[in-house]
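The next block holds one structure in the form of structure tokens; read it before the comments.
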Amino acid sequence: MGSFFAGVKAGTLAGLVYLGGIAAFNVAILYALKGDVLSQIRASYSAVCGGIPTESASLQSCFNSVVAIYVPFIAFIGFFVALVYSAIFGRFYEAFPGGRFWMKGETLAAVVGISLLYFGLSGIYFDYASKVAGTAFFVVWTLTYGLLMGKLYSRYTRVVRFESQDPSLLKISVDGRDFTGKVRTFSLKSVHVLRAEVSEDASFKEWTVSGGVTVEDQRSFETEMDVNGDGLLKAQVSKKY
């Protein structure tokens with residue numbers, strides 16, 4: 001199931017760090033190699049800033065535009081790309097490969113990183129040296145982003161295991177989905193509709209809970225479940241004779 005809102009929440013913070021770091025490194029590289037960058041800008045001025053450079057001041061103005069406008073703009077677009085993937089990550093968390101939060105976070109990071117590279121949103125670099133440095137940083141920073149995303153998502157969610165005393169007689173439905181015998185992730189401090197789907201030859205007895213899971217009415221086959229921590233929910237059932 002996962003949590004869409006937890007994904008957006010974690011994605012906002014992790015995305016700001018991720019794209020902000022890429023932009024900051026990009027600017028640092030441009031200044032560190034400014035002489036070479038200005039030479040590259042002169043060689044392809046019309047493609048970068050349009051027109052024909054007439055003096056050194058125009059080269060500097062173009063450089064300033066790259067640093068102050070183009071790099072932040074690319075980071076801004078990249079942030080929203082990462083945020084969209086983060087929302088998908090939250091909503092379909094269980095479907096992502098990996099058994100732990102950080103593993104799933106790294107899977108997301110790989111998807112985001114490849115997308116940024118494909119759409120040309122990983123930075124602006126003018127020569128071979130800056131591209132090599134930028135690529136090396138991008139790879140390391142993307143891995144860091146995956147770890148951060150996994151950690152933040154785990155902070156905003158909790159894991160609940162659902163067990164039926166007899167799955168052939170009783171199925172556990174949460175918000176209209178069958179979670180019998182499954183482990184699912186929910187937003188911290190969230191409320192969900194809980195229902196016991198009982199076969200005709202059986203009757204519902206009660207819900208038993210442990211950990212950070214509570215139910216409004218343990219004797220009711222349909223009630224609400226509150227998730228305030230990791231926990232276990234069991235459904236008790238008896239067969240009619």
Q. Is it true that the NZ or CZ of Lys234 lies under 6.0 Å from the centre of Phe162's six-membered ring and within 45 degrees of the ring axis?
A. no
**Q.** Distance flag, aromatic centroids of Phe138 and Tyr125, threshold under 6.0 Å
**A.** no
Q) When clusters are formed by joining ILVMFWY residues with side-chain heavy atoms under 4.5 Å apart, either directly or through shared neighbours, do Phe76 and Phe25 land in the same one? A) yes
Q) Do Ser187 and Tyr156 have side-chain N/O donor and acceptor atoms under 3.5 Å apart? A) no
Q: Assess whether atom NZ of Lys34 is packed by more than 12 heavy atoms of other residues, nucleotides or ligands within 6.0 Å.
A: yes
**Q.** Gln165 side-chain N/O to Val237 backbone N/O, donor-acceptor pair under 3.5 Å
**A.** yes
(Q) Using the rule given for side chain to side chain donor-acceptor pair (under 3.5 Å), can you reason through Ser115 versus Tyr85, listing the C-alpha separation, both sets of side-chain angles and the distance that settles it, and then say yes or no? (A) CA-CA 10 Å; Ser115 297; Tyr85 281 117; 2.9 Å; yes
Q) Would you say the side-chain atoms of Tyr18 and Thr142 include a donor-acceptor pair closer than 3.5 Å? A) yes
Q | Donor-acceptor pair, side chain of Asp230 and main chain of Val159, under 3.5 angstrom | A | yes
Q) Would you say the side chain of Thr214 lies within less than 4.5 Å of the side chain of Met225, judging by non-hydrogen atoms? A) no
Q. Is the backbone N or O of Arg184 less than 3.5 Å from a side-chain atom of Glu94, with the two atoms forming a donor-acceptor pair by type?
A. no
Q. Could you walk me through whether Phe92 and Phe96 pass the ring pair (Phe, Tyr, Trp, His ring centres under 6.0 Å) check?
A. CA-CA 7 Å; Phe92 300 101; Phe96 274 70; 8.3 Å; no
**Q.** Side chain proximity check, Val227 to His192, heavy atoms < 4.5 angstrom
**A.** yes
Q. Are Arg158 and Phe186 in a cation-pi setup, meaning NZ or CZ lies under 6.0 angstrom from the ring centre and within 45 degrees of the ring axis?
A. no
Q) For Ile172 and Asp178, which heavy atoms make the closest approach, and how far apart are they? A) O-OD1, 3.3 Å
**Q.** Phe126 vs Val66 side-chain heavy atoms within contact, under 4.5 Å
**A.** yes
Q.
For Gln218 and Thr208, which I'm curious about, is there any donor-acceptor pair between the side chains at under 3.5 Å?
A. no
Q) Are Tyr128 and Leu117 connected in the hydrophobic side-chain network, where two residues link if heavy atoms are under 4.5 Å apart? A) no
Q. Around atom CZ of Arg195, are there more than 12 heavy atoms of other residues, nucleotides or ligands at under 6.0 Å?
A. yes
Q: Give a yes or no on whether the backbone of Leu19 and the side-chain of Trp141 come within a donor-acceptor separation of less than 3.5 Å.
A: no
